[in-house]
Amino acid sequence: MDASDPLSKLVEVLSTQLSELLGVDPARLERMIGPPPRREYGDLSFPLLRFSRKANASVDAIVESIRGKLWEQGLGWAQPRFESGYLNIVFDVEELGDEVFRLLSAGWRPKTAKTKNPMRIVVEHTSANPIHPLHLGHARNAALGDTLARMLRARGHEVNVRFYIDDVGRQTAVTALGFKLARVSPKELASRMGVKVDYAVGWIYAVTHNAIEAVSLKSSKANGPEKMRRMEEAIAILGRLKEQGDHQVFERILEGIGGMEDPQREVSETMKRYERGLEPEKSLVRMIVDAVLEGFRETLSRFGVAFDEWDWESDIVWSSRVGRLIEEARKSKYYTIHKDAEAIDIPSIIKELVLEDPEARESIKLPKALEIPPLILVRSDGTTLYTTRDIAYSIYKFQAFNADRVINVIGADQRLPQLQIRIALLGLGYRKEALNMLHYDYEIVRLPGRRMSSRRAEYVTLDELLDMARSRAEYEVRARNPGADERWVEETAEKVGVGAVRFSLVKPGRLKPITLDINRIVDLRENTAPYLQYTHARASSILEKHGEINYLKAHSSSLEDEARRHLFIEALRFPLVSAKAADDLAPEDLAVYLLRLADMFNSWYQKDSVIREEWEGARHAKAALVLLVKSVIGEGLRILGVEPLDKM
RNA sequence: GGGCCCGUAGCUCAGCCAGGACAGAGCGCCGGCCUCCUAAGCCGGUGGUCGGGGGUUCAAAUCCCCCCGGGCCCGCCA
């Protein structure tokens with residue numbers, strides 16, 4: 001594999017050579033070569049002493065061998081030396097500068113280093129229940145999933161992005177029942193309520209769910225304070241919902257549910273009929289879900305998120321993939337009966353397959369001493385469970401794209417079922433699928449005080465959040481650009497707002513629970529996607545004022561200046577940083593790197609003017625440096641789904 | 001009851017997986033910087049028993065054990 005930029009090439013040569021000398025896996029060494037904690041030590045460093053103890057060669061011999069190899073490979077600008085346990089590499093920035101100027105003049109710009117092992121990867125994300133608008137939890141999911149897809153593509157993988165439409169479960173059945181009683185279509189209701197269609201559906205769902213809850217509680221034989229509490233809660237929620245929506249429709253649903261002897265049974269019946277593809281449920285559910293998906297698409301496209309495929313859960317069922325899977329399970333030695341229902345014997349699979357298979361044990365990380373219960377496949381009424389359908393869907397994802405790997409972006413609250421699914425796949429003979437399916441989990445987003453709840457219709461929607469961010473941005477943009485074209489102001493505000501939201505959802509580590517502070521997410525300073533966009537705009541402005549860069553006039557010796565030198569080298573690290581972030585599935589690493597680079601640029605900017613530089617050789621070199629930084633921030637932002645701006 | 005995740009500066013977090021070269025950012029707070037490439041910026045100051053205790057190691061925020069606090073999960077829900 002030929003690395004196309006100087007630093008990638010350097011690291012590749014170093015890791016290959018060190019690997020030969022030390023007898024250690026080059027990939028492992030590669031990730032240990034990085035900038036030292038203090039600049040005085042050098043530009044790159046590697047903890048050599050840790051490995052050389054076990055190697056035959058002396059440290060001096062190793063360093064000399066490296067020096068020779070670098071020379072031979074045309075990387076003479078990188079000089080190795082040994083210092084207190086570390087192999088430190090110091091760059092001759094003048095030589096490196098000439099090399100980079102040559103590349104820049106030929107049109108090269110830093111890009112994520114390409115992987116040596118391109119794979120076919122499916123990323124499934126967002127997959128929100130299609131019965132209410134997308135809210136903040138989904139926003140985190142979508143931002144992570146979409147960024148992952150962009151990173152992996154930039155790294156050179158073949159990526160296929162899928163949305164799984166959960167239209168088969170209980171929640172869609174509740175919604176369908178609600179619409180049946182409401183005698184109104186989602187679109188009519190939406191226009192009556194003056195809201196997006198997915199909001200109208202979310203309202204119907206919440207009304208119907210709480211009406212059913214109230215009626216069921218009333219007729220239940222149980223008694224006591226818990227029942228009273230839940231009763232009161234349902235009634236309070238209904239009161240609030242009534243005020244928010246259409247009174248006539250509200251009454252129809254309440255009367256309808258109130259008149260049912262057993263509303264829960266009606267829901268089950270609807271669910272059963274839809275799963276069998278019977279009319280009128282089939283058309284009704286599809287019509288409702290289609291309407292919600294229209295709302296999803298509108299929001300997602302604004303958010304910069306696109307999908308390659310939309311998979312209907314019902315299609316997986318109707319195409320008999322689920323039926324075939326259940327047949328396979330029945331023939332399997334791990335088929336069992338649990339609580340009178342058909343199930344897969346997860347404990348036995350663990351004992352016989354996972355623990356006996358080192359690769360599987362490594363890949364499927366079992367919690368210690370946790371008893372994972374058998375996985376029930378079919379309800380006693382004959383309908384399937386979500387996990388069963390998901391096993392079939394998992395197999396489908398691998399087949400449909402001929403995938404090497406499948407990444408599912410799903411909340412951390414689903415760890416157990418996701419684990420069960422992988423174990424079940426292994427037990428049913430789908431070893432490749434089980435081992436190459438990854439649950440990319442992230443912690444939930446909470447509202448201050450309580451969790452978001454679609455049952456209570458209590459959520460901050462993604463649309464609302466984007467609107468807030470945009471209006472905040474619009475105020476700022478207008479203040480800074482008096483008299484600017486109105487359309488430009490609005491477009492810029494949208495890009496700043498969307499960027500701020502996406503960045504803020506991806507920058508914290510995914511396992512940090514986010515307690516939603518809207519002001520914080522919308523704050524343009526702290527959230528720093530706008531800071532990066534601003535830095536990019538500053539760079540653009542300099543280049544515009546400077547005019548065309550003449551690389552023949554640029555003097556690389558002027559890069560020896562401390563601040564310029566560090567900025568230059570830091571920008572050149574982009575291909576490596578972005579590659580590692582992609583391999584680690586860690587968008588936050590890329591985000592943090594970009595912020596650091598922007599900090600360096602802004603500090604430098606303040607004290608070392610480009611266009612007022614008198615010496616032509618330095619001015620063109622500095623302009624080239626600005627171009628380099630601008631290209632890196634631009635490329636990095638695009639990978640994070642944030643639009644770089646030339647003016648703001 | 002069991003499992004998993006999180007606990008680092010007043011606040012939000014990085015560093016932990018692959019232990020080492022002075023614990024880092026941002027926000028906040030205090031004080032400075034626009035006749036000069038965009039002040040959404042920059043410079044300086046302030047601020048830490050790395051939740052607590054034990055252990056492994058020449059070396060621990062990082063690995064192991066115990067404990068404490070917060071969250072999530074343990075359904076014929078999704």
Side-chain angles (χ1 to χ4, degrees), chain A residues 28-29 31-32 36-38 40-41 45 47 49-50 83-86 88 127 129 166 168-172 268 313 338-343 365-373 376-387 389-390 411-417 419 441-444 446 451 454 473 476-477 479-481 496 500 504 507-509 511-515 517 520 523-528 530-535 537-546 584 588-589 591-592 595-596 598-599 601-613 622-623 626 647-648:
Chain A
R28 176 157 174 236
L29 297 175
R31 35 197 320 116
M32 299 184 83
R38 301 179 65 184
E40 304 92 275
Y41 298 130
S45 79
L49 202 58
R50 213 190 290 179
E83 199 175 9
S84 52
Y86 289 79
N88 290 331
S127 303
N129 268 322
D166 273 309
V168 178
R170 183 162 208 103
Q171 292 183 312
T172 38
S268 301
E313 188 175 25
H338 180 67
K339 294 187 190 171
D340 297 328
E342 297 184 83
K365 294 205 176 61
L366 293 169
K368 353 173 193 181
L370 173 67
E371 280 183 44
I372 303 174
I376 291 173
L377 286 169
V378 185
R379 290 192 189 92
S380 34
D381 70 356
T383 57
T384 55
L385 280 102
Y386 139 83
T387 32
R389 301 189 294 267
D390 213 359
D413 52 349
Q414 294 198 42
R415 275 180 191 141
L416 184 61
L419 189 63
D441 55 349
Y442 62 93
E443 280 295 340
I444 52 165
R446 247 189 326 261
R451 247 186 109 160
S454 48
E476 298 285 337
V477 173
R480 281 155 223 277
N481 298 276
V496 171
S504 72
K507 207 202 85 179
L511 296 177
K512 296 281 181 182
I514 294 181
T515 297
D517 178 341
R520 181 159 267 144
D523 188 336
L524 306 183
R525 184 171 315 197
E526 188 176 353
N527 270 285
T528 58
Y531 171 64
L532 293 172
Q533 288 170 315
Y534 177 73
T535 306
R538 273 182 150 180
S540 292
S541 172
I542 294 173
L543 292 173
E544 195 185 321
K545 294 204 161 84
H546 174 271
D584 292 347
E588 67 272 21
D589 289 356
V592 168
L595 290 172
R596 266 193 37 158
D599 288 343
F601 177 80
N602 282 315
S603 296
W604 171 67
Y605 168 97
Q606 206 73 25
K607 59 186 186 219
D608 189 9
S609 176
V610 174
I611 62 174
R612 273 188 304 281
E613 168 66 55
K622 289 201 270 182
V626 173
K647 186 174 184 301
M648 68 188 276

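None of these values were measured; they are calculated from a predicted model. Chain letters run A, B, ... following the sequence lines, proteins first and then strands; every chain starts at 1. Worth knowing before you read on, the calculation uses all heavy atoms, side chains too, and leaves out hydrogens, waters and symmetry mates.
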Say you pick atom [atom1] in [N] and the same atom in [M]; how far apart are they, in whole Å?
N     : M     : atom1 : value
B:G69 : B:G55 : P     : 24 Å
B:C11 : B:U49 : P     : 11 Å
B:C5  : B:A9  : C1'   : 24 Å
B:G52 : B:A61 : C1'   : 14 Å
B:G19 : B:U12 : C1'   : 27 Å
B:A25 : B:G15 : C1'   : 11 Å
B:C66 : B:G48 : C1'   : 25 Å
B:U62 : B:C6  : P     : 14 Å

Which nucleotide, [options], lies nearest any side-chain atom of [X]?
X        : options             : answer
A:Leu511 : B:C5, B:C13, B:C42  : B:C5
A:Asp584 : B:C76, B:C37, B:A18 : B:A18
A:Glu443 : B:C42, B:C76, B:C5  : B:C5
A:Ile611 : B:C37, B:A21, B:C76 : B:C37
A:Arg415 : B:G41, B:A21, B:C5  : B:C5
A:Asp166 : B:C73, B:A78, B:C37 : B:A78
A:Tyr86  : B:G20, B:G15, B:A78 : B:G20
A:Arg538 : B:A39, B:A78, B:C22 : B:A39
A:Leu416 : B:A21, B:C37, B:C73 : B:C73
A:Val610 : B:G7, B:A21, B:C37  : B:C37

Checklist entry - For B:C34, is chi within 90° of 0 (syn) or not (anti)? => result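 Judged by the O4'-C1' to base torsion, B:C34 sits in syn, the angle falling within 90° of 0.
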Below 4.0 angstrom from OP1 or OP2 of [N], is there any side-chain N or O of [X]?
X        : N     : value
A:Arg389 : B:A78 : yes
A:Ser603 : B:C43 : yes
A:Tyr41  : B:C22 : yes
A:Lys512 : B:A14 : yes

Let me know the distance between [atom1] of [X] and [atom2] of [N], rounded to the nearest Å.
X        : N     : atom1 : atom2 : result
A:Lys365 : B:C73 : NZ    : C1'   : 19 Å
A:Leu419 : B:C72 : CG    : C1'   : 15 Å
A:Met32  : B:A21 : CE    : C1'   : 14 Å
A:Lys507 : B:C27 : NZ    : P     : 10 Å
A:Leu532 : B:G41 : CG    : C1'   : 13 Å
A:Asp608 : B:C36 : CG    : P     : 18 Å
A:Arg612 : B:U35 : CZ    : P     : 12 Å
A:Asn88  : B:G20 : CG    : C1'   : 13 Å

Give [X] one of three labels, base, sugar-phosphate or nothing, depending on what nucleic acid heavy atoms sit under 4.0 Å from its own.
X        : answer
A:Pro47  : nothing
A:Gly411 : nothing
A:Val477 : base
A:Asp390 : nothing
A:Lys647 : base
A:Thr387 : nothing
A:Val592 : nothing
A:Lys545 : sugar-phosphate
A:Asp441 : nothing

Checklist entry - Starting at the 5' end of RNA chain B and moving along, which residue's nearest nucleotide shows up first, A:Asn481 or A:Tyr605? => result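 The residue whose closest nucleotide sits nearer the 5' end is A:Tyr605.
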Next on the checklist: Can you tell me which residue among A:Asp599, A:Asn602, A:Thr528 is in a side-chain hydrogen bond (donor to acceptor under 3.5 Å, both in side chains) with A:Thr535?
Outcome noted: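 Of the listed residues A:Asp599, A:Asn602, A:Thr528, the side-chain hydrogen bond (donor to acceptor under 3.5 Å, both in side chains) partner of A:Thr535 is A:Asn602.
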Next on the checklist: Taking the cut-offs as 6.0 angstrom to the six-membered ring centre and 45 degrees off its axis, would you call A:Arg538 and A:Tyr605 a cation-pi pair?
Outcome noted: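 Yes, A:Arg538 and A:Tyr605 form such a contact.
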Counting only Watson-Crick or G-U wobble pairs whose two distances fall under 3.5 Å, which nucleotide matches [N]?
N     : result
B:G28 : B:U46
B:A61 : none
B:G41 : B:C33
B:C72 : B:G3
B:G19 : none
B:A78 : none

Item to check | hbond_proxy A:Ser380 side chain to B:C76 base (donor-acceptor, 3.5 Å cutoff) | outcome: yes
Checklist entry - A:Leu377 versus A:Thr384: any side-chain heavy-atom pair under 4.5 Å? => result no
How close do [X] and [Y] get, counting heavy atoms only, and between which atoms?
X        : Y        : result
A:Pro508 : A:Ser504 : CD-O, 3.1 Å
A:Ser127 : A:Asp166 : O-OD2, 3.7 Å
A:Asp441 : A:Ala412 : CB-CA, 3.9 Å

Next on the checklist: Please evaluate residues A:Asn481 and A:Lys647 with respect to the criterion side chain to side chain contact (heavy atoms under 4.5 Å, CB included), reporting the C-alpha separation (whole Å), side-chain torsions for both, the decisive distance (0.1 Å), and the verdict.
Outcome noted: CA-CA 10 Å; A:Asn481 298 276; A:Lys647 186 174 184 301; 3.3 Å; yes
[X] side chain vs [Y] backbone, donor-acceptor pair below 3.5 Å:
X        : Y        : result
A:Thr383 : A:Arg379 : no
A:Glu342 : A:Val378 : no
A:Asp608 : A:Trp604 : no

Next on the checklist: Stacking between B:G41 and A:Tyr534, yes or no? Criterion: centroid separation under 5.5 angstrom, plane angle under 30 degrees.
Outcome noted: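 Stacking between A:Tyr534 and B:G41: absent.
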